[in-house]
There are 2 protein chains.
Amino acid sequence: MNYQIELRHLHYFLAVAESLHFRKAAERLFISQPGLSTQIKQLEQALHTQLFVRDKRKVVLTPAGEYLKAEVEYLLNHLELTKKQVQHIGNGELGELRIGFLGSAMQQVIPDLLLLLKKRFPKINTTLDELSNTAQLNAILKDKLDLGFVRLSRVPKGVALAPVFEDTFSLVLPKNHSVTVENFKGMQQFKEEEFILFSAAYSPLYYDTVMSICEDAGYVPRVSHKSVHAQTIFKLVENGLGIAIIPTQLQNGFDMAVKFIELRKIKQRAVLSVIWKLDNRNPVLKQGVDLLLRN
Amino acid sequence: MNYQIELRHLHYFLAVAESLHFRKAAERLFISQPGLSTQIKQLEQALHTQLFVRDKRKVVLTPAGEYLKAEVEYLLNHLELTKKQVQHIGNGELGELRIGFLGSAMQQVIPDLLLLLKKRFPKINTTLDELSNTAQLNAILKDKLDLGFVRLSRVPKGVALAPVFEDTFSLVLPKNHSVTVENFKGMQQFKEEEFILFSAAYSPLYYDTVMSICEDAGYVPRVSHKSVHAQTIFKLVENGLGIAIIPTQLQNGFDMAVKFIELRKIKQRAVLSVIWKLDNRNPVLKQGVDLLLRN
DNA sequence: ATAAATGATAACTATGAATTATCAAATTGA
DNA sequence: TCAATTTGATAATTCATAGTTATCATTTAT
């Protein structure tokens with residue numbers, strides 16, 4: 001009657017809570033549906049609390065289930081980290097740092113950081129994931145990631161943010177555009193152009209900053225296309241579909257038929273920041289952050 | 001060959017890590033010693049890491065085991081809280097606040113706080129534990145306690161501290177002592193007395209403060225006895241074994257044959273503070289702290 | 001030297017996780 | 001409207017493995 005909760009129950013619970021579908025969850029877990037049903041029922045009995053409402057056609061989480069889901073995600077991720085950490089200590093390695101980054105940070109900042117880290121702490125392992133701003137923030141909140149490289153101006157309470165790299169912006173123009181580095185006067189020259197930008201959902205800060213650059217030049221830009229990949233933006237510019245404004249660093253590493261004009265005189269800068277969770281228990285994180293911010 | 005870790009393993013591991021003795025741990029867990037041995041071996045295999053060194057007469061933790069112990073304590077306590085929390089939410093209650101306190105705070109502050117809390121959040125449950133300063137700090141670091149009422153001036157990083165109650169000190173004298181409330185001049189009158197104090201281990205801040213009170217009067221007190229219980233101290237004073245200095249509030253609730261002189265003119269105060277962990281995930285804590293500090 | 005204590009190993013037992021087969025209810029669609 | 005499909009729950013059965021008992025090898029204490 002009084003079951004003991006095991007990690008199995010938590011893993012199963014999470015699968016059902018995510019898919020809200022017993023059969024699909026069972027399939028994902030490589031067990032049969034009746035087995036999953038009984039295990040979930042056991043968990044509910046152990047907690048004396050209903051976690052799902054089964055409505056004979058759809059499954060939904062109760063408020064208690066909703067709460068448990070968030071906590072289980074946290075607990076399981078934390079346990080996963082602990083397992084790795086224990087192994088690292090057993091091997092005489094210091095630990096692992098899980099890093100997320102925006103594509104636009106791969107050009108320069110990330111390689112530099114990794115080299116620095118390897119030099120100072122040769123035994124620290126790293127994992128790298130290219131993720132959007134919001135994906136990184138979520139992963140950090142759930143202890144799936146230790147460190148994120150993002151372009152954000154605000155983060156929720158409990159998360160720290162520190163700028164690590166400042167870049168100018170550059171104009172991206174088709175090769176045959178009448179404006180050149182030599183005859184470039186200012187952004188007011190592009191009042192009538194169509195703009196191609198990174199989408200606001202991908203990076204709200206970037207979007208707002210570009211808007212403010214045009215605003216300072218006295219107009220609101222017409223945005224014809226939005227994309228999340230630099231390469232796509234370059235290709236669109238190359239084909240005369242508009243002009244773009246990008247962080248200067250981004251032009252490296254691509255071989256595109258466009259020309260760049262660095263906007264040194266405008267005040268806006270593309271700021272890359274690190275974010276991490278203040279209550280992160282990974283002992284390696286502190287050293288990584290210290291190292292990063294000492295530059 | 002590749003075992004799945006379960007909570008059972010973690011509970012068993014913790015029992016062995018605490019007793020450093022397989023047979024005793026097995027007894028405590030109500031299972032047989034061989035069963036425990038195999039489960040621990042499974043855990044070690046799952047982690048590919050040795051956790052204990054069995055030296056054919058004694059068992060010790062490896063560094064990796066040491067690390068795991070701390071993390072497992074944290075995880076299991078956190079899971080325990082989560083279970084309660086889920087049940088509370090399921091019952092439409094808000095949650096549970098686990099409070100620790102010094103005996104000397106029970107007189108006034110704790111009952112007041114509890115009444116306030118019950119009034120503002122009728123659905124919050126509380127558990128109360130009388131613990132020493134350091135026991136509270138440890139319990140808070142391990143997520144076994146949410147809120148502690150202590151007399152401390154510093155706390156480790158990651159723990160917050162906020163004063164909530166300030167009390168004057170009072171002299172405790174035997175009934176027949178020549179000094180009375182009427183002819184009391186100052187602490188310099190007690191230069192030659194023996195002092196009975198709370199032990200420094202129990203409350204370092206109290207000890208230092210009493211020392212500084214005598215220092216201000218121009219002498220170093222001779223300390224003849226130390227205790228952790230107010231009642232013991234009163235009893236010793238009553239029997240002429242010395243005099244004492246205590247937070248004034250403490251005299252309430254005891255019916256002792258001693259007299260008290262409140263030291264209103266000296267600058268030192270007995271400060272009671274709340275402490276809590278900044279990364280505590282109990283959603284109730286924030287409301288409790290807010291309520292407390294708003295007074 | 002003998003007795004007591006310790007953790008590991010081997011063989012066995014029995015608990016309960018997981019499977020298969022099936023049901024009842026709800027939905028879909030010809 | 002009625003068969004076909006989809007859903008989670010239930011019942012009976014199987015089987016993996018946690019836990020047991022019995023025993024050993026080694027160390028420590030008397």
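Values below: every heavy atom of this structure, side chains too, minus hydrogens, waters and symmetry copies.
For the OP1/OP2 pair of C:dT9 and a distance below 4.0 Å, the side-chain nitrogens and oxygens of B:Lys41 include at least one atom meeting the criterion. Listed pair B:Gln39 / D:dA18 meets the phosphate criterion, a side-chain N or O lying under 4.0 Å from OP1 or OP2. Remark: B:Ser37 is in phosphate contact with C:dA8, judged by side-chain N or O atoms under 4.0 Å from OP1 or OP2. The shortest distance between the side-chain N/O atoms of B:Gln42 and the OP1/OP2 oxygens of D:dA18 is below 4.0 Å. Regarding contacts with the backbone of C:dA18, every side-chain N or O of A:Ser32 stays at 4.0 angstrom or more from both OP1 and OP2. Neither OP1 nor OP2 of D:dT6 sits under 4.0 Å from any side-chain N or O of A:His21.
In this entry the distance linking CD of B:Gln4 with C1' of C:dG16 reads 17 Å, nearest Å. In this structure, B:Arg54 atom CZ and C:dA5 atom C1' are separated by 17 Å, rounded to whole Å. Rounded to an integer number of Å, the gap from B:Glu6 CD to D:dT17 P is 12 Å. Atoms CD1 (B:Ile31) and C1' (C:dA14) sit 16 Å apart, rounded to a whole Å. Computed from coordinates, the A:Arg8 CZ to C:dT15 P distance equals 17 Å when rounded to whole Å. Here D:dG19 presents its P atom at 15 Å from CZ of B:Phe22, a figure rounded to the nearest Å. When rounded to the nearest whole Å, the span between CD1 of B:Ile40 and P of D:dG19 equals 11 Å. We find that CD of B:Gln33 is positioned 10 Å from P of C:dT6, with the value rounded to whole Å.
A:His78 has its ring centre less than 6.0 Å from the ring centre of B:Tyr74. Between A:Phe13 and A:Phe52, the ring centre distance stays below 6.0 Å.
At most 12 heavy atoms of other shown residues, nucleotides or ligands fall within 6.0 angstrom of atom NZ in B:Lys235. Remark: B:Glu27 CD is loosely packed, at most 12 non-hydrogen atoms of other residues, nucleotides or ligands lying under 6.0 Å away.
Nearest to the side-chain atoms of B:Val59 among the listed nucleotides C:dG7, C:dT20, D:dA18 stands C:dG7.
Here A:Arg28 pairs with A:Glu18 in a salt bridge; the nearest charged N to carboxylate O distance falls below 4.0 Å.
Within the 4.0 angstrom heavy-atom criterion, only backbone atoms of the sugar-phosphate kind lie near A:Tyr12; the bases stay farther away.
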